[in-house]
Structure formats: C-alpha cells, structure tokens
Amino acid sequence: MVKLKKRFHNMRKIVEEILEEKFQKSVVVEIPKESKFGEFSTPVAFSLAKELRKSPMIIAEELAKEFTEFNEFSKVEAVKGYLNFYLSEDFLNSYSDGALVDGDRFGEGNESGKILLEFVSANPTGPLHIGHSRGAIYGDTLLKIGKYLGYEIEAEYYINDAGRQIDLLGLSIYLSGKELLGKTVTYPEEYYRGDYIVDMAKEALTEFGEKIFREESIGDLASWGKEKMMVEIVQNLDSVGIKFDVFVSERDIFREWEDSLKELESRGGVYKEDGKLWLKSTQFGDEKDRVIVRENSVPTYLAGDIAYHHNKYNRDYDKYINIWGADHHGYIKRVESAIEFLGYNSKQLEVILTQMVALLKDGEPYKMSKRAGNFVLMRDVVDEVGADALRYTFASKTPDTSLQFDVAELTKQDNSNPIYYINYAHARIHSLLRKSSLLEKDILQSRIELDAKRKELLFLALRLPEIVRDSFESRQTQKLTDYLHSLASNFHSFYNSNKIVETESEAQLLKLSLVVANSIKIGLSLLGIEAKESM
RNA sequence: GCGUCUGUAGUUCAACUGGAUAGAACGACGGACUUCGGAUCCGUAGGUUAGGGGUUCGAUUCCUCUCAGGCGUGCCA
C-alpha cells in the first residue's frame with residue numbers, strides 16, 4: 001500500500017511535489033481533458049527544450065523512464081512532448097480510504113491567516129433586494145469555503161447608519177404617516193417609496209400614536225425605522241442561511257474620525273483648498289483628489305470609510321476582503337490611497353466587485369431602485385424558488401460578469417434545476433445503500449478494482465480538495481458548482497451502465513459510490529445547501 | 001473623453017491563469033430499462049473564441065489598435 005505522508009494535500013499537490021523534487025524547480029501540473037492522457041500531465045519538456053537543446057519529444061521520452069519506481073503511478077508515458085502520469089490502483093485506494101475516514105472533513109485544510117470579510121453592508125433604509133442577495137450569497141459561500149480551508153475568517157457587516165439617507169428614511173416615514181392621517185403631502189424629488197415605508201408608517205402609528213407624526217419627530221422616526229430595517233435585513237439574510245459575526249455601525253466608527261484625520265495630517269495625506277479638506281488620492285493613482293471635509297465642516301461619506309478602514313487595519317488581520325457592488329468601483333483607489341496615508345499596506349485589501357443583476361420579468365427589463373420602490377425583494381424570490389436554488393444560482397456565476405435572468409425562469413422548479421440533478425445523484429447513492437444487505441464494514445474494507453470508467457469517476461470524486469482550494473483562491477465559487485454538476489453527471493452515467501446491488505462487485509462499487517456521495521455532500525454544504533438522502 | 005468589467009455554440013457559462021482536437025448545461029432533434037428512483041442515461045446538430053496586428057515551439061489566455069455593451073466618472077451614500 002502507498003503511504004500518504006500528507007493527508008491534507010490534494011492529489012495534484014502530491015504530484016507537484018514529486019515533480020518539483022525531481023526537477024528542482026516549479027513545474028506546471030495539469031489535468032488533461034481526456035482521460036486517455038492520464039490523470040496528470042506536464043509540459044515540462046517544452047520548457048527544458050531550449051536549455052537542453054534537444055527536442056521536447058526526446059526529453060520527455062528520457063524523463064518518462066525516471067519515474068518507474070514511484071508507486072503512486074502505474075504508468076508514466078511520453079506523448080508528443082507531454083509527460084503523462086497514470087495513478088496506480090494502490091494509490092487511489094489509499095487515497096479513497098483516507099477520504100472515507102475523514103468523512104465530512106475530507107479536504108479540510110490547515111491554512112493559516114486571519115481574514116476580515118466584509119460584505120452586503122446594504123444601507124438600512126429598505127429590505128434587501130435581489131441585487132444585494134448576489135453579493136450576500138457570493139460572500140457567504142467564500143466564507144464557508146475559506147473556513148473549511150482553515151482560514152480564520154470573520155464575516156462583517158458595515159451599517160451605514162449615519163448621513164443623509166437615514167434622514168431621508170425618517171422623512172419618508174413621516175410623510176407617509178401624514179398621508180395616512182388624511183393630510184395632503186407633497187413628496188420631494190428624493191425619498192423612499194414602496195410598500196415597506198407605508199407599512200412602517202402604519203406600525204409607527206399603532207405603536208406611538210398620531211403624535212409621532214410631528215415634524216420634530218423625524219429624527220426619532222429615522223432611528224426607529226433604521227432599527228426596524230436592520231431586523232428585516234437580518235431576517236432576509238437568515239432565510240438563506242447567512243449569519244454575520246460582527247455588525248459595525250458607521251455612527252460608532254465615526255467617533256474615531258478625528259484620530260484618522262490626525263494620522264492623515266501627520267503623514268501629509270491631506271491639504272486645504274477652497275475651504276475644504278482634500279485627500280491627496282492622486283498620489284496613489286486616483287483620477288483626482290477627493291474632498292473629505294466640506295466647506296461647512298461636515299465630513300463626506302469617504303471620511304467615514306477612511307475611519308472604518310483605519311479601524312479594520314488596527315484590528316490586525318492578514319487580509320481584508322471587501323465585496324462591493326460594481327457601482328462602487330470608483331471608490332477603490334481613494335480608499336486604497338487613504339490606507340497608504342494611514343501608514344498601512346493597501347495590498348492587504350482586496351476588493352471584489354459583484355456586477356449588476358439585471359432582472360427581467362416576462363422578458364421585460366426590471367428597473368431596480370430602492371428609491372422608486374419597484375425593486376424585487378430578496379424575500380419574495382426566496383419564497384418562490386427556495387434558498388437552495390438561489391444560492392446555487394448566484395454561486396454558479398462569476399461575480400465579475402453582469403447577470404441577467406428572468407424571475408419567471410427561477411420560479412420554475414423543474415428538472416432544469418441543477419440542484420435537483422446533484423441531489424438526485426446523492427439520494428440515489430443512499431437509496432443503493434438502503435437496498436444493499438452488505439455490512440458497512442465489508443464495504444469499507446473492499447478494494448476498488450479500477451477499469452477506465454471507475455477510475456474516471458473515482459478520480460473526479462477525489463478531486464474535491466483541490467477544487468475547493470482552487471475555488472477559494474481564485475475567488476471563483478462557480479468552480480465548485482461546476483465540479484458538483486459534473487461529478488453528479490458522471491455518477492448518473494455510471495449508475496445507468498452498471499448494476500450495483502446484488503452483483504459480485506457490490507461492495508467495491510458501493511464504496512466507490514460512497515466516495516462520490518461524500519464529496520457531493522461536502523461540496524453542497526460549502527454552498528450552504530444540505531444534501532438530501534431521499535427526495 | 002477617461003477609468004473599469006465584459007464580449008467564446010441559439011442561450012447561460014467553462015477552458016486548470018501560455019499547452020494536446022475550445023468543453024459543459026439549457027433549448028432543439030432522434031433514441032434507451034420486466035437492473036437497483038426515467039427528477040436518469042445515450043446519440044446528433046450547432047464555433048473565423050467580436051475584428052485586425054504583434055510576442056513564440058504553442059494564444060480563448062499576454063501586448064497593441066479597432067468595434068460593441070454594462071457600470072462608474074458628486075463636495076449622494
């Protein structure tokens with residue numbers, strides 16, 4: 001049997017280490033698209049061709065001979081300059097045993113590093129809409145995957161509870177309340193409309209009586225309304241299984257603004273002009289310098305963000321990840337420059353932008369605006385399609401491409417939904433286990449004899465650790481969804497061409513199926529979805 | 001105008017960050033169990049990777065120009 005030195009290493013890493021030890025340099029290890037080229041391959045002979053002044057074909061031929069003594073491989077072949085590696089049955093069986101022993105923790109990493117992940121941070125002036133839910137689900141998926149890999153990650157929500165939008169919330173509730181009381185009101189250009197404002201006005205009326213709708217009470221209505229909205233937002237997030245570790249308030253953070261300002265001043269990051277205070281953000285590549293304190297001495301929004309990032313950096317993480325809507329992208333440079341002026345390294349900050357979600361309803365474009373109140377509520381979509389489908393949909397799209405879909409499409413719960421497809425594969429495996437009369441011990445102790453099909457399926461199932469890692473490091477959660485889909489697909493195909501229960505190979509095929517089920521279960525759980533054992 | 005993201009099959013997306021014949025899914029069309037769940041499987045059609053030029057053994061990937069679209073370009077948040 002092959003001994004596994006490093007349980008937590010994924011298979012590609014194991015092969016990489018073997019090659020790097022051999023060649024004393026970093027080597028590209030890839031997984032060929034076609035299984036006839038082996039499980040792994042490397043084009044290393046091409047890069048050696050120049051310095052050795054020999055053809056890649058010849059180099060590869062020679063190299064292939066040097067890998068005969070590795071029991072990880074059953075065969076190492078040179079084809080057209082590529083070096084192809086075929087994993088041995090011994091190795092794959094050992095690795096499978098490891099996977100089954102690890103169970104739910106197969107692929108878990110031992111990465112170190114403290115990461116602060118800030119996401120959603122939607123203004124508490126209305127419920128979450130479908131656009132917010134994209135960043136929320138993407139962020140939460142990253143969080144789950146990162147934690148699985150061993151990183152210490154905190155999920156943080158920044159509450160914009162200061163500034164004009166909160167005043168506007170108070171005013172909007174106030175005006176709506178006036179109208180409820182039969183008064184004629186004229187709404188200004190900018191205010192929040194939508195049913196939730198009317199609902200809050202009604203609630204305020206029953207809770208506080210008519211006296212709340214006096215002009216002096218707008219501030220009270222604002223902070224009361226803000227609290228209401230945060231409760232609503234937390235519920236919205238909870239409905240898809242998202243929980244934050246920390247909520248920070250802009251209002252609280254702002255108390256530290258003077259400290260940040262002093263720091264900026266002492267490092268020459270600001271200057272006065274036209275009675276305003278400017279941040280020298282051009283020094284770090286911004287298009288122009290930015291006002292941080294207005295002529296009337298009221299700080300701008302950026303000031304709050306500077307204090308916030310100052311606060312974050314003082315908490316001393318290794319990395320700060322912000323997930324913002326694409327409309328904030330102009331902010332990156334100015335925040336980075338502020339971080340530099342505060343004496344910190346802006347390279348530790350990584351901003352991921354999620355592009356817009358353009359919704360259609362029956363083919364018609366759906367304009368989303370909180371102000372106008374005709375946005376699609378996250379809550380409504382969750383009610384219609386369920387948390388699982390929504391989570392899968394957003395996790396399966398790269399954040400940096402704008403996404404357009406029809407609400408009507410998502411409300412369809414037919415078999416085009418990949419969640420059903422993947423769950424079905426998982427449920428099928430459990431169905432087989434229920435049908436079988438074998439003991440678990442006998443299944444686990446059997447040895448999987450590999451033919452081409454079995455090997456392909458087993459290899460794919462065992463790639464989970466590598467996929468999870470890759471998915472996190474590239475910040476591309478869709479690598480995980482794609483993987484699960486193809487694993488399910490591969491299993492369905494296998495299932496249809498093999499009888500399993502009550503055959504001579506029952507034990508080993510069930511063992512193979514168990515490895516598949518384990519990877520599906522883990523993968524789904526990292527997406528925040530619970531695998532079903534029956535449907 | 002500038003910044004930024006994007007452009008790959010009818011549609012939605014891949015392509016391991018420079019590697020082998022550009023792959024899947026959905027949709028379309030045609031098939032498959034008296035075997036364990038047909039919510040499945042198998043097959044067929046569909047491509048000048050937006051376009052030109054460059055870098056090299058090799059480009060969907062890197063550079064450059066052009067074209068098209070989204071977002072941004074408040075002392076709003």
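On a predicted model such as this, the values are computed, not experimentally measured, just so you know.
A syn base is found at B/G74: its glycosidic angle is within 90° of 0. Using a 90° window around 0 for the glycosidic torsion, B/U17 falls inside it and is classed as syn.
A/K333 comes within 4.0 angstrom of no nucleic acid atom, judged by non-hydrogen atoms across all strands. Within the 4.0 angstrom heavy-atom criterion, no nucleotide atom of any strand lies near A/E295. Using a 4.0 Å heavy-atom criterion, one finds that A/K36 contacts the bases of the nucleic acid, with or without backbone contacts as well. Counting any heavy atom pair closer than 4.0 Å across all strands shown, A/T398 reaches sugar-phosphate atoms only and no base atom.
A residue-by-residue look at A/L302 and A/P32 shows that A/P32 has its nearest nucleotide of RNA chain B further toward the 5' end.
Partner assigned to B/C16 is none, using Watson-Crick or G-U wobble distances below 3.5 angstrom. For B/U60, there is no paired nucleotide, since no Watson-Crick or G-U wobble pair has both relevant distances below 3.5 Å.
Under the 4.0 Å criterion applied to side-chain N and carboxylate O atoms, A/K455 and A/E39 are assigned as salt-bridge partners.
Judged by centroid separation below 5.5 Å and plane tilt below 30°, A/Y424 does not stack onto the base of B/G37.
The base of B/A77 has none of its N or O atoms less than 3.5 Å from a complementary donor or acceptor on the side chain of A/D161. Applying the 3.5 Å distance criterion, the base of B/A20 shares a donor-acceptor pair with the side chain of A/S41.
Tested against A/E466 for a side-chain hydrogen bond (donor to acceptor under 3.5 Å, both in side chains), the candidates A/K13, A/K479, A/R12 yield a single pass: A/R12.
Taken from CD1 in A/I419 to CG in A/L484, the straight-line distance is 8.5 Å, to the nearest 0.5 Å.
Of the listed nucleotides (B/C42, B/G72, B/C76), B/C76 has the atom at the smallest distance from the side chain of A/R164.
Look at NZ on A/K499: it is 21 Å from P on B/U40, rounded to the nearest Å.
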